[in-house]
Amino acid sequence: MTGPSNRWWWTIVAAGMAIVASGAAALLVGWWSAAGTVAAGTSGAAAAALVGVLRARQPPGPQSEERRPSGHLGYPCACAEPSRRRLLCGGAVAAALVAGAAAAVPLWSATKRGEARLRATSWRTGTRLVDDRNAPIRSDDLEPGAFSTAWPEGHGDDGNAQVVLIRLPPDRTVSGPGRPEWLAAGHVAYSKVCTHMGCPVGLYQARTELLVCPCHQATFDVLRGAKPIHGPAHRALPQLPLAIDGDGYLIATGDFPEPVGPGYWSRPS
Amino acid sequence: MKLVARTRRAVDKAGKKIFPDHWSFLLGEIAMVSLFILFATGIVLAFFYDASGERTTYHGAYEPMHGVDMSRAYQSVLRLSFDVPAGLLLRQVHHWTALVFVGAIVVHAVRIFFTGAYRRPRRLNYLIGLTLLVVSISNGFLGVALPDDLLSGTGAQIGYAIALSVPVLGAGIAGVLFGGEFPSEEMVHRFWLIHVFAIPMLIVALFSLHMLLVWRQTHTQYPTDGPADEVVGSRLLPHHAIKTAALLLSMAAVLVGMGALLQINPVWEHGPFEAAAATVPAGPDWYLMFVEGGLRILPALHLELGPVEVPSPFVAGIVVPALVFGTLAAWPFVEERLTGDRGVHHLLERPRDRPGRTAFGVAGLSFLAVLTLAANHDYLGGVLGVDVMTMTVAFRIVLLVAPALLGVVAWRVARDLAEADPAPDRQGVGHEEAR
Amino acid sequence: MPRGLRLAFCVVVAAGLAWFHERPVSAQPGDPGRHPAGEHLYRRDCASCHGPAGEGTYRGVPLTDVGEASAHFYLSTGRMPIDDPYDEIRRRDPAYGEAEIGALVEFVGSLGSGPPVPDVADDGDVAAGGSLYRLHCAQCHGSTGVGVALAAGVTAPSVLHSTPTQVAEALIVGPGAMPVFTPAVLGDDETRAVVAYVDALQSGLDRGGHAMARSGRMDETLAAWGVGVLVMLVLARTIARRR
């Protein structure tokens, strides 16, 4: 082999050993930051040495290599004649289609279609609203202007059922397309699952009475049925019908009137 | 002995392969070296990761999380970060390297595009490279979701809604990928298998093919470096191999240094994923910000066709990326039609000599850059003291104006430069055309 | 006004200000007497908008029932006073010293009913506070506490400069567009936990190097390109031929 002597390889081997050594040191010492700096320093030094050697021993001058004739430039299944190429390409496409179709069957069995659950949540007539500690919420727990997140009692794990519960100031109510008759003691509840992409719409701006989604800033008007007034959402947040039971706790009087969360092809409207 | 001799002959022969000397031919190698570092760090990380959505309670070394309910995946990432020696360093190096990896692919692709390196006979290899970019971006998305923290969980939620928005097949695709309705306990396990097994295999296969084609088709070169019928440069052994080794070592130094000195993705601050919680500013890693930006600033384009609907995330989540990568894939073929040039080209072109292509590339890049910036419009608004509504409107205007404006500017600059300084080696080009 | 008179006027005003600054304002809690210092400051700097008895005018909200907590929050974070009612209400350096704030707070508290300045013990449960912070606060202020822009002219400020008292006050008062967190949502223990977590966030939950601007993905993007990719390009140019 022409070219420089064996010293090259020693540099590389030494640098490699240095990296392995500092990696081992990192594992032993556990002071990760120092170890990282040591590793970075060692490999950097080795690289610098290599570049230095490279610079010191410039290649003897540009070398060259002939290219193949431009007609067949070495596709692995090189075939100059168009007819054979077409046959091969066609065959490849057909094989890929068959393989894809074969893979589709097991893949389909791996799906767990969630549509049924997107259509309905765990809210039933009379379900109490509970907070993040599973405590039922009384109609005088929230001051006007306060808000909280609520779940159906016994279904704190149903992410699709979560609602933003807002107690409006006394002089405010909800107008269309919201339903004022679904308010209870000034409380209004909207699905917390954004109708754009499903993020929790937990960003409540009091006084301006807006709900903003933290993901894409879809903005909903609390006083007009959580209608989207700005940003990428298209549908209003579904409103949960509320009432107060005999013991003074907030309850739902049914499920949301429409599916919660982001849209999809066969979403019933 | 015969085998040894034969191997030796093969190595000798391969070692004589010529690689161009210009630095822009190392851009792809930056991506290659990043890939090696990703494999090395990823394999170690895999020993400590627990791909399970099962719930557990934390009692590890990080006290501000004691007694908090979380998935075992998130717990294992906390353990990796706080209990495993150098675990956090490895995680940070892996994450920084992933960001640089996709960045290097993009820079490499930009060089290929603006110099016309994708023309015959390298159209197939260009398409393979583009596929590698898409596959790498997908793997980045999956990898970011693995810690199952609040920020990445929000990202996974958005991936779910995008999958769901696909007409007809949406629920099926989302079901396969996420193992049921989001949030699903099976999600991290499926993501994990795809991230460490399926996609790396695909990357290795595509990358090998990419290299094989470069090997057989030889490198392109600048017309100032040599004629069309031979490649001028240095031999693989030893000179080019030493360059690669130097690149590997110095890149390892920089990336380990970044991992040691710059905090990335502090999952212990974001907290475990919970459906009711969210954090701001939320967004994906940079290479998916153009999708996130579209989801934020594009108007709610929504289609209802009787009983079925196409929800608005479909446009920014599927149509925009499909248009971006579709246009890139179609470009060599479109350009052939437009210019009528179906010849084989081994010599690169200067961007100024092809003002149309340059203008198109600049317009496309600025379109993507505006969308990428728009993905941070809530944070930028906070810095500027401007609300998101104003930011959205401003970004919509910039998205329409900037690409057109910068495209025209690029066209004029390219034309003026070319007039002031005609192509340096017309002889070489003429030589190539004569063949 | 002749020049000499103007000068004299200025000297008198300056002397008066200096007197107020140097005079130790006694704002002992529980002092049932009048609040001359607080009342004086109020008349001078607040009454033109909030009314002489805190009844409010078209330029400023009534202060009769906001309480000491609210007054202390707005004054100690420099959000009040503002020169013009249309000025942006944002965090600034406080316009008054501690003693003057104490006097003003006491005076505003005496105008009507309202929550007192909360006494925040520093024994909150940080881990529980973290969970509560992420559920109730992180959606606007961010898990790293940096804050972002919201809708309709509203910006959620960073919590990284707030004192424990200010955090507790904000939860009670609901300043600006921030909702109120009533005891049913965040009780005493929980408020102390959230305060403790914000304190921990400020004093450093960062591990693994410099946290940059704590904006998450945006910083990471800038570093990945500005440090990572850029250095790689420099390396490539160093290692290979440049032209």
Under 4.5 Å from any heavy atom of chain C, what part of [X] do you find: side chain, backbone, both or neither?
X: B/Val386; result: backbone
X: B/Val100; result: both
X: B/Pro284; result: backbone
X: B/Leu27; result: side chain
X: B/Met258; result: side chain
X: B/Val144; result: side chain
X: B/Tyr62; result: side chain
X: B/Met391; result: neither
X: B/Phe101; result: neither
X: B/Glu63; result: backbone
X: B/Ile264; result: both

Using heavy-atom distances under 4.5 Å, tell me whether [X] contacts chain B through its side chain, its backbone, both, or neither.
X: C/Cys137; value: neither
X: C/Val231; value: side chain
X: C/Ala213; value: both
X: C/Leu135; value: both
X: C/Ala223; value: both
X: C/His141; value: backbone
X: C/Met218; value: both
X: C/Thr144; value: both

Looking at [X] and [Y], what are the two nearest heavy atoms and their distance?
X: C/Arg134; Y: B/His270; result: CD-O, 3.0 Å
X: C/Ala71; Y: C/Val105; result: C-CG2, 4.0 Å
X: B/Met65; Y: B/Tyr74; result: CE-OH, 3.4 Å
X: C/Gly145; Y: C/Tyr133; result: CA-OH, 3.6 Å
X: C/Ala168; Y: C/Pro118; result: CB-CG, 3.8 Å
X: B/Gly226; Y: B/Val232; result: CA-CG2, 4.2 Å

Legend entry - Reported CD1-to-OG1 distance for the pair B/Ile30 and B/Thr244, which is rounded to 0.5 angstrom: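 Here the rounded value is 11.0 Å.
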
Inset, instruction - Hey, can you tell me if B/Tyr222 and B/Phe25 have their rings parallel, tilted or perpendicular (30° and 60° cut-offs)? - result: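 Taking B/Phe25 first and then B/Tyr222, their aromatic rings stand perpendicular (interplane angle over 60°).
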
Legend entry - Geometric class of the B/His219/B/Phe19 ring pair [parallel <30°, tilted 30-60°, perpendicular >60°]: tilted

Inset, instruction - Decide yes or no on side chain to side chain contact (heavy atoms under 4.5 Å, CB included) for C/Arg91 and C/Gln166, but give the supporting numbers first. - result: CA-CA 12 Å; C/Arg91 190 179 188 97; C/Gln166 288 166 356; 3.1 Å; yes

Legend entry - Intermediate values then yes/no, salt bridge (Lys or Arg N to Asp or Glu O under 4.0 Å), C/Arg217 and B/Glu292: CA-CA 12 Å; C/Arg217 306 289 197 226; B/Glu292 169 77 7; over 6 Å; no

Among [options], single out the residue with the greatest number of heavy-atom pairs under 4.5 Å to chain B.
options: C/Ser158, C/Ser143, C/Gly130, C/Ala156; value: C/Ser143
options: C/Thr155, C/Val227, C/Leu150, C/Asp219; value: C/Leu150
options: C/Ala211, C/Ala128, C/Gly216; value: C/Ala211

For the candidates [options], which exhibits the highest count of non-hydrogen atom pairs separated by less than 4.5 Å from chain C?
options: B/Asn265, B/Leu150, B/Leu247; answer: B/Asn265
options: B/His66, B/Met251, B/Glu274; answer: B/Met251
options: B/Ala278, B/Gly381, B/Ala375; answer: B/Ala278

Legend entry - Any side-chain donor near an acceptor of the partner, C/Thr165 and C/His72, under 3.5 Å: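 Absent: no donor and acceptor within the cut-off.
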
Inset, instruction - Verify whether one side chain among B/Thr390 and B/Asp387 offers a donor that lies under 3.5 Å from an acceptor in the other. - result: yes

Inset, instruction - Tell me, yes or no, whether the heavy-atom count around C/Asp123 atom CG, taken from other residues, nucleotides or ligands under 6.0 Å, exceeds 12. - result: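 Yes.
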
Inset, instruction - Output, in order, the C-alpha distance, side-chain angles, deciding distance and verdict of side chain to side chain contact (heavy atoms under 4.5 Å, CB included) for B/Tyr379 and C/Ser215. - result: CA-CA 7 Å; B/Tyr379 179 73; C/Ser215 76; 3.2 Å; yes

